[in-house]
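Below is one structure; the comments refer to it alone.
Protein chains get the first letters and strands the later ones, always in sequence-line order, with residue 1 at the start of each. On a predicted model such as this, the values are computed, not experimentally measured, just so you know.
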4 protein chains.
Amino acid sequence: MSSLNKVILIGRLGKDPEVRFTASGTAVCNFSLATSETFKDKSGEKQEKTEWHNIQLWSKLAEIAGEYLAKGALVYIEGRIQTRKWQDNSGADRYTTEIVGMQMQMLSSKNEGRSESVAGDQEEPPFRDDDIPF
Amino acid sequence: MSSLNKVILIGRLGKDPEVRFTASGTAVCNFSLATSETFKDKSGEKQEKTEWHNIQLWSKLAEIAGEYLAKGALVYIEGRIQTRKWQDNSGADRYTTEIVGMQMQMLSSKNEGRSESVAGDQEEPPFRDDDIPF
Amino acid sequence: MSSLNKVILIGRLGKDPEVRFTASGTAVCNFSLATSETFKDKSGEKQEKTEWHNIQLWSKLAEIAGEYLAKGALVYIEGRIQTRKWQDNSGADRYTTEIVGMQMQMLSSKNEGRSESVAGDQEEPPFRDDDIPF
Amino acid sequence: MSSLNKVILIGRLGKDPEVRFTASGTAVCNFSLATSETFKDKSGEKQEKTEWHNIQLWSKLAEIAGEYLAKGALVYIEGRIQTRKWQDNSGADRYTTEIVGMQMQMLSSKNEGRSESVAGDQEEPPFRDDDIPF
DNA sequence: TTTT
DNA sequence: TTTT
C-alpha cells in the first residue's frame, strides 16, 4: 500500500525527559517539545503561537535522549504520528496523539556541546565515496 | 527562533470531506485520513496498523478538497501539527490534534482522473529555466 | 551545528538497479529515479516535466533494492543530497549530484507484490504501545 | 501520477545572495548553502563533511532573500531538486543540480534579527481556530 | 472510517 | 512546560 506518515520537528524541551523501562527492559523516553510560529493577527500585530508535541522515543534512542537532553534543549526529531486510545476515570474513550521519533539530532545539549546525530540503530554507510573503486 | 513543525502524509480518506464556512465566508474542510503501516509482531506474523489523522484545510485548498476529494481517495497532504483545547460536557479540558494542511496533491480523485497539485495560493515560478537570459 | 539535509522522493526506476561491491564487500546500489510534475505553460497548456535523480544505496538497503526493485517499480526514497567531484578525460573538474538513500519503501515491486518498508538496519520499536506497563 | 520531489535544508549561505531579473522583470535569486554532517571515519576520528547546495528562488521569495539574507546567515529552505542541462565551451553536455526553493524561513539574518517565515505567495489561513463558529 |  |  502507498502510505506515508512522516513528521519533522525542531523545537525545545519543556521539561527534562522521562525515561522508563518496559517489563522486558526496553527504554521508553517521553518529553514535550515546543515549536513556535509567528503570525500577524487581524490588527496586523505580530503574535507568537506555541505548539506542544508529545514525543516518544524507544530503545537506544530513548537512552541517548535520557542521557543527553534536558529542559530547554533544542532538538531535531523525525518520526511518525500516532494516536493512542485510552479510558479516563469515568471509562470514557480518550485519545492522545504522540510523535514516535525514529531519528533524533541534538542541536544543543545539557552542556551546550556540539550537536550529534543519532538514529534507531541506523548506521552511516561504512564507506564513503572515496572508497568506491569504480 | 529556530523551529520547525512539518508533517507529510499520504493516505486515504475514510469518508467524504466536509466543508463549512466561517462567518466571514472562509471555507474550512475537514476529513480523516488513514495511513497504514505493516510490521511483524512478536510471533513473526505480519500485522497492519492503521493510523487516522484529522485533516483541516482552509480557504482555496478547502474548496478544492471539497470539490475533488471523496471517500477512498488517495491524497498527499503537507502541513503542520496543531492541538486544540476544548471543554467537554462536564467542563473538563480536552485536546484534539489536527493536521493543518498547507499543500495538497490528489493521487486519485472522485473520477479517478489524473493527479493535480495545489497549494494555498502558492504559485509555480512564472518562468521556467528556459526563460532565464543568463 | 544546526544543519539539515533531507530529501524525500517518490518515483519510478528508469532501469533495473545496478549492484556493485566495494573491495571490502559492502554492497552499493545505483539507479535513476523519475519524478514527474505537471504544470501549465504560458499558453495555459498542461505540460509534464520529468526530473531524473541518481540514487545511491549502501549495505543492506543496496542488497534489498538489487533483489526486489526493477525498471518501472514505484519506490519511496528518503536520504540526503550529495555532490561528488570528479575529473573528466581532459582533467577538468566535474560534479555529480546524487541522493544517498537512508530509507526505502517499495510501493510496487518486480512482481507487483505488497509494499514493504525497510531502512538501513533501522528497527521498529520492539514493543508497541500495548506493551507499555504505565 | 504518484510522485514526490521534496527537499528540506537548513544551512548557511557561503556568500551573499545574487539577485537577477528575467526579461519580464521576475526576480531570480541564487546562492550556495552549506549543510554539515559529522561522522566517524575508519579510525574512529570525528570528521566533518560539508555539502554545498545551489539554491534558486523566484519571484517574491527571491526579492526577500536578496534583501534579508547575507553570507553566513542560517536559513531553512524547502523545495524540489532540479537538474539543468547545458553545454560547456566545447559543446559537451553538462548538468547542474539545483534546489528550487518554494518556501524559506530565516533562522538568522543580516542584522541577526528575529526569524521570519515566508513562502511564495503562500498565506496563513486568514482566521485561526478561535474564529471557527462550530 | 480508507485501501490492498 | 521551552526559547528569543
Side-chain angles (χ1 to χ4, degrees), chain A residues 1-5 9-18 30-38 46-55 65 69-77 83 85 93 95 98-99 106-110 112, chain B residues 1-5 9-18 30-39 46-55 65 69-77 83 85 93 95 99 106-110 112, chain C residues 2 74 105-109 111-117, chain D residues 2 74 105-109 111-117:
Chain A
M1 230 216 59
S2 178
S3 180
L4 183 62
N5 177 354
L9 301 173
I10 295 177
R12 290 190 186 275
L13 278 76
K15 289 186 183 170
D16 285 348
E18 288 181 19
N30 289 278
F31 55 85
S32 60
L33 190 77
T35 58
S36 301
E37 154 198 34
T38 50
K46 244 184 197 171
Q47 300 268 2
E48 179 164 343
K49 192 189 175 197
T50 295
E51 204 61 45
W52 288 97
H53 310 271
N54 300 313
I55 310 294
L69 294 181
K71 175 178 173 175
L74 186 67
V75 71
Y76 169 87
I77 294 285
T83 299
K85 186 181 181 177
D93 286 343
Y95 299 88
E98 294 162 318
I99 308 305
M106 290 171 261
L107 306 175
S108 81
S109 59
K110 275 181 178 168
E112 280 294 337
Chain B
M1 229 215 59
S2 178
S3 179
L4 182 61
N5 178 354
L9 301 173
I10 295 177
R12 291 189 185 275
L13 279 77
K15 288 186 184 171
D16 284 348
E18 288 182 19
N30 289 279
F31 55 87
S32 59
L33 190 77
T35 57
S36 301
E37 156 197 32
T38 51
F39 66 97
K46 241 182 198 172
Q47 299 268 2
E48 179 164 343
K49 193 188 175 198
T50 295
E51 204 62 45
W52 287 98
H53 310 271
N54 300 313
I55 309 294
L69 293 181
K71 174 178 174 176
L74 185 67
V75 71
Y76 169 87
I77 294 285
T83 299
K85 187 182 182 177
D93 285 344
Y95 299 87
I99 307 306
M106 292 170 258
L107 305 175
S108 81
S109 59
K110 274 180 178 168
E112 281 296 336
Chain C
S2 178
L74 186 67
Q105 187 172 337
M106 292 171 261
L107 306 176
S108 80
S109 59
N111 38 24
E112 282 295 338
R114 216 171 177 323
S115 80
E116 205 68 37
S117 176
Chain D
S2 177
L74 186 67
Q105 188 172 337
M106 291 171 261
L107 305 175
S108 80
S109 59
N111 37 23
E112 282 295 339
R114 216 171 178 323
S115 79
E116 204 68 38
S117 175

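- Interatomic distance, A:E51 CD to B:T83 OG1, rounded to the nearest 0.5 Å: 5.0 Å.
- Between A:E51 atom CD and F:dT1 atom C1' there is a gap of 14 Å when expressed in whole angstrom units.
- If you take CG of B:L107 and C1' of E:dT3, they are 13 Å apart, rounded to a whole angstrom.
- Relative to the side chain of A:K15, the nucleotides F:dT4, E:dT2, F:dT1 differ in distance, and F:dT1 lies closest.
- Between the P atom of E:dT2 and the OH atom of B:Y76 lies a distance of 25 Å, rounded to the nearest Å.
- Per the geometry, CE belonging to A:M106 stands 18 Å off C1' belonging to F:dT2, to the nearest Å.
- A side-chain donor from one of A:E48 and A:S36 sits under 3.5 Å from a side-chain acceptor of the other.
- Rounded to a whole Å, the CG atom of B:D16 is 12 Å from the P atom of E:dT2.
- Between the base of E:dT2 and the side chain of B:T50 there is a donor-acceptor pair shorter than 3.5 Å.
- Checking F:dT1, E:dT2, F:dT2 against every side-chain atom of A:S32, the shortest atom distance belongs to F:dT1.
- In summary, the side chains of B:H53 and B:S32 do not present any donor paired with an acceptor at a separation below 3.5 Å, with no hydrogens or angles considered.
- The separation between A:N5 atom CG and E:dT3 atom P is 19 Å, rounded to whole Å.
- Closest approach to the A:E48 side chain among E:dT1, F:dT3, E:dT4 is made by F:dT3 (side chain taken as heavy atoms from C-beta onward).
- Straight-line distance from the CD1 atom of A:I10 to the C1' atom of F:dT3: 14 Å, rounded to whole Å.
- Applying the side chain to side chain contact (heavy atoms under 4.5 Å, CB included) test between B:L13 and each of B:I55, B:L74, B:V75 identifies B:V75 as the sole match.
- Here the P atom of nucleotide E:dT1 and the CG atom of B:L69 are 20 Å apart, to the nearest Å.
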